[in-house]
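Structure first, then comments.
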Amino acid sequence: MAAGPLVDRLLGGLPAEAVLTDPDVTASYANDMASFCPAGSPAVVVLPRTVEQVQHVMRTATELRVPVVPQGARTGLSGAANASDGCIVLSLTKMDRILEIDPVDRIAVVEPGVVNATLSRAVGEHGLAYPPDPSSWEMCTIGGNIGTASGGLCCVKYGVTAEYVLGLDVVLADGRLMSTGRRTAKGVAGYDLTRLFVGSEGSLGIVVRAVLALRPKPPEQLVLAAEFSSSAAACDAVCRIMAGGHVPSLLELMDRTTVRAVNDMARMGLPESTEALLLAAFDTTDPAADLAAVGALCEAAGATQVVPAEDAAESELLLTARRMSLVALEAVKGTTMIDDVCVPRSRLGELIDGVERISEKHRLTIGVVAHAGDGNTHPTVCFDAQDPEESRRARESFDEIMALGLQLGGTITGEHGVGVLKKEWLARELGPVNLEMQRAVKQVFDPHGILNPGKLF
């Protein structure tokens with residue numbers, strides 16, 4: 001419909017400063033950080049500050065049958081926050097209050113626009129921790145984390161976002177407000193609709209408040225770096241560590257391409273002779289003893305050098321290198337496609353070897369950085385987006401990596417979500433019966449199909 005009547009209706013329940021219509025401004029809200037994902041031109045961008053304002057937006061959208069695309073900080077990597085033509089972009093970044101931190105019940109109640117790192121620091125002042133820590137934690141929002149079921153570096157020990165979402169307040173497509181879940185440590189009343197919304201990418205409702213579980217703040221972690229002459233040896237070390245009953249707070253792998261990209265960008269001094277660099281961390285009461293045990297396992301697997309950090313500062317230096325990996329790989333050619341394939345840990349080495357074959361076949365640089373402890377890999381295809389032929393090969397290699405992941409008993413996405421980028425592959429992974437049931441769920445919550453259309457299915 002024409003933007004004029006839509007804007008007039010929106011202004012009936014929103015302040016003027018919350019409704020953006022300048023095309024140059026609205027265009028800046030068109031997409032997230034994913035490559036190869038089409039994005040449309042929004043009719044209007046709305047930045048509500050209250051639950052009531054979100055309800056007004058959804059009532060208006062339902063009455064006028066206008067699509068709504070919810071957004072957080074747009075740090076996503078699957079196109080899940082990309083606008084569609086003529087839509088209302090519903091940016092929740094202004095709903096950024098931490099409403100409650102309860103040290104006794106170990107919960108935080110937050111609005112969706114709270115930045116992950118802001119929450120982590122706030123609960124840290126109470127001796128608590130909110131463990132999920134995506135690499136973009138300084139920018140990404142809790143609402144976005146919930147929408148894509150984000151993971152992070154510490155998932156190997158502490159789990160993913162879904163395990164920390166106890167309850168939600170959700171504005172439905174027709175503007176009604178629904179509460180799910182609980183504030184209690186236990187609760188099994190009815191279907192677990194809270195889990196249903198986590199990872200739904202804004203396709204079932206708009207999360208406006210979340211009750212999050214917290215943990216006691218762990219001790220400072222110490223990190224170990226182990227250098228290997230092959231990825232196979234590094235993956236063998238991962239298997240030995242996990243089979244040995246160790247519970248690292250972090251277990252990350254960087255291949256030689258990634259290590260060299262980080263050094264080229266930041267002069268980090270990482271060992272460029274390595275074929276694979278494994279980072280392990282422990283936040284136990286005696287991390288040095290744990291690192292020594294893991295270091296011995298790495299040596300048994302063929303590590304050429306094992307270097308434990310002596311203090312928190314050295315540990316943070318190693319973690320900084322890991323967090324810089326994706327940015328450094330982007331600098332190789334200017335554009336990247338970041339895969340998010342997760343496989344059983346026991347097959348991690350096969351995946352990395354397969355990615356190397358795909359890289360050689362398509363004559364592309366593909367760096368692999370992985371949350372090795374949970375089998376979640378990020379093969380990152382580096383290419384020149386201005387070169388049509390190279391872009392074609394990049395897309396083909398990206399698809400071949402996802403096919404390889406499925407062949408190895410894995411999944412197309414461990415933490416980034418489906419969005420636009422992996423729609424075709426979701427159908428392949430789920431199969432026809434599962435896909436039919438998921439579409440039926442979508443129809444119940446969004447009968448007019450206005451919530452983030454074109455995503456997932």
Side-chain angles (χ1 to χ4, degrees), residues 47-54 70-73 75 91-155 157-171 177-189 192-195 197-199 205-221 249-250 283-285 312 316 319 323 415:
L47 295 97
R49 292 182 180 271
T50 69
V51 173
E52 293 75 18
Q53 289 175 358
V54 175
Q71 290 184 350
T75 57
S91 174
L92 298 160
T93 54
K94 299 296 185 183
M95 296 181 69
D96 59 357
R97 294 179 300 162
I98 298 174
L99 302 171
E100 181 183 354
I101 297 173
D102 187 330
V104 175
D105 289 325
R106 293 181 182 171
I107 62 169
V109 182
V110 305
E111 293 182 327
V114 172
V115 171
N116 185 295
T118 300
L119 175 63
S120 295
R121 294 184 182 111
V123 301
E125 295 176 3
H126 296 266
L128 298 168
Y130 178 67
D133 63 339
S135 295
S136 58
W137 77 305
E138 291 282 6
M139 300 178 287
C140 64
T141 63
I142 296 299
N145 295 167
I146 292 171
T148 57
S150 298
L153 302 186
C154 71
C155 294
K157 180 173 182 177
Y158 292 108
V160 296
T161 296
E163 295 168 67
Y164 292 87
V165 182
L166 297 177
L168 296 170
D169 284 357
V170 181
V171 175
L177 181 66
M178 179 178 74
S179 295
T180 73
R182 63 194 194 278
R183 291 173 57 102
T184 53
K186 295 166 65 177
V188 294
D192 191 349
L193 295 184
T194 302
R195 279 283 183 124
F197 280 100
V198 178
I206 311 298
V207 172
V208 291
R209 194 166 297 165
V211 181
L212 306 174
L214 305 175
R215 285 176 172 261
K217 188 176 183 179
E220 289 279 359
Q221 63 182 1
S249 55
L250 173 148
D283 57 5
T284 54
T285 54
E316 186 54 36
L319 294 185
R323 289 193 173 104
E415 59 186 8

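Note that these values count all heavy atoms, side chains included, but never hydrogens, waters or copies made by symmetry.
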Over all atoms of both residues, closest heavy-atom pair of C140 and T75: CB-OG1, 3.5 Å

Shortest non-hydrogen contact from G151 toward V160: CA-CG1, 4.1 Å

Distance-only polar pair, side chains of D283 and Y158, donor-acceptor under 3.5 Å: yes

For T161 against S150, the heavy-atom pair lying closest together: OG1-O, 2.8 Å

Point-to-point distance, once rounded to the nearest 0.5 Å, from OG1 of T50 to CZ of R97: 8.5 Å

Atom pair CD/OG1 of Q71 and T141 - distance to nearest 0.5 Å: 10.0 Å

E111 with R49: basic N within carboxylate O range, under 4.0 Å: no

Distance in Å, L250 CG paired with C155 SG, rounded so as to fall on 0.5 Å steps: 10.0 Å

Non-hydrogen atoms of V54 and P48 that approach each other most closely: CG2-CG, 3.7 Å

Salt bridge present between E100 and R183 (N-O < 4.0 angstrom): yes

Side-chain heavy atoms of N116 within contact of Y130, under 4.5 Å: yes

Verdict with supporting geometry, R106 and H126, side-chain contact (heavy atoms from CB on, under 4.5 Å): CA-CA 10 Å; R106 293 181 182 171; H126 296 266; over 6 Å; no

side-chain contact (heavy atoms from CB on, under 4.5 Å) between V51 and D169, worked out: CA-CA 9 Å; V51 173; D169 284 357; over 6 Å; no

Expected output: side-chain S91 to main-chain L47 donor-acceptor under 3.5 Å: no

Pairwise distance CZ(R209) to CG(L168) - rounded to 0.5 angstrom: 11.5 Å

Nearest heavy atoms of A122 and I98, plus distance in Å: CB-CD1, 3.7 Å

side-chain contact (heavy atoms from CB on, under 4.5 Å), paired with L212, selected from I142, I101, V109: I142

Heavy-atom pair of closest approach, residues Q221 and S249: OE1-OG, 2.6 Å

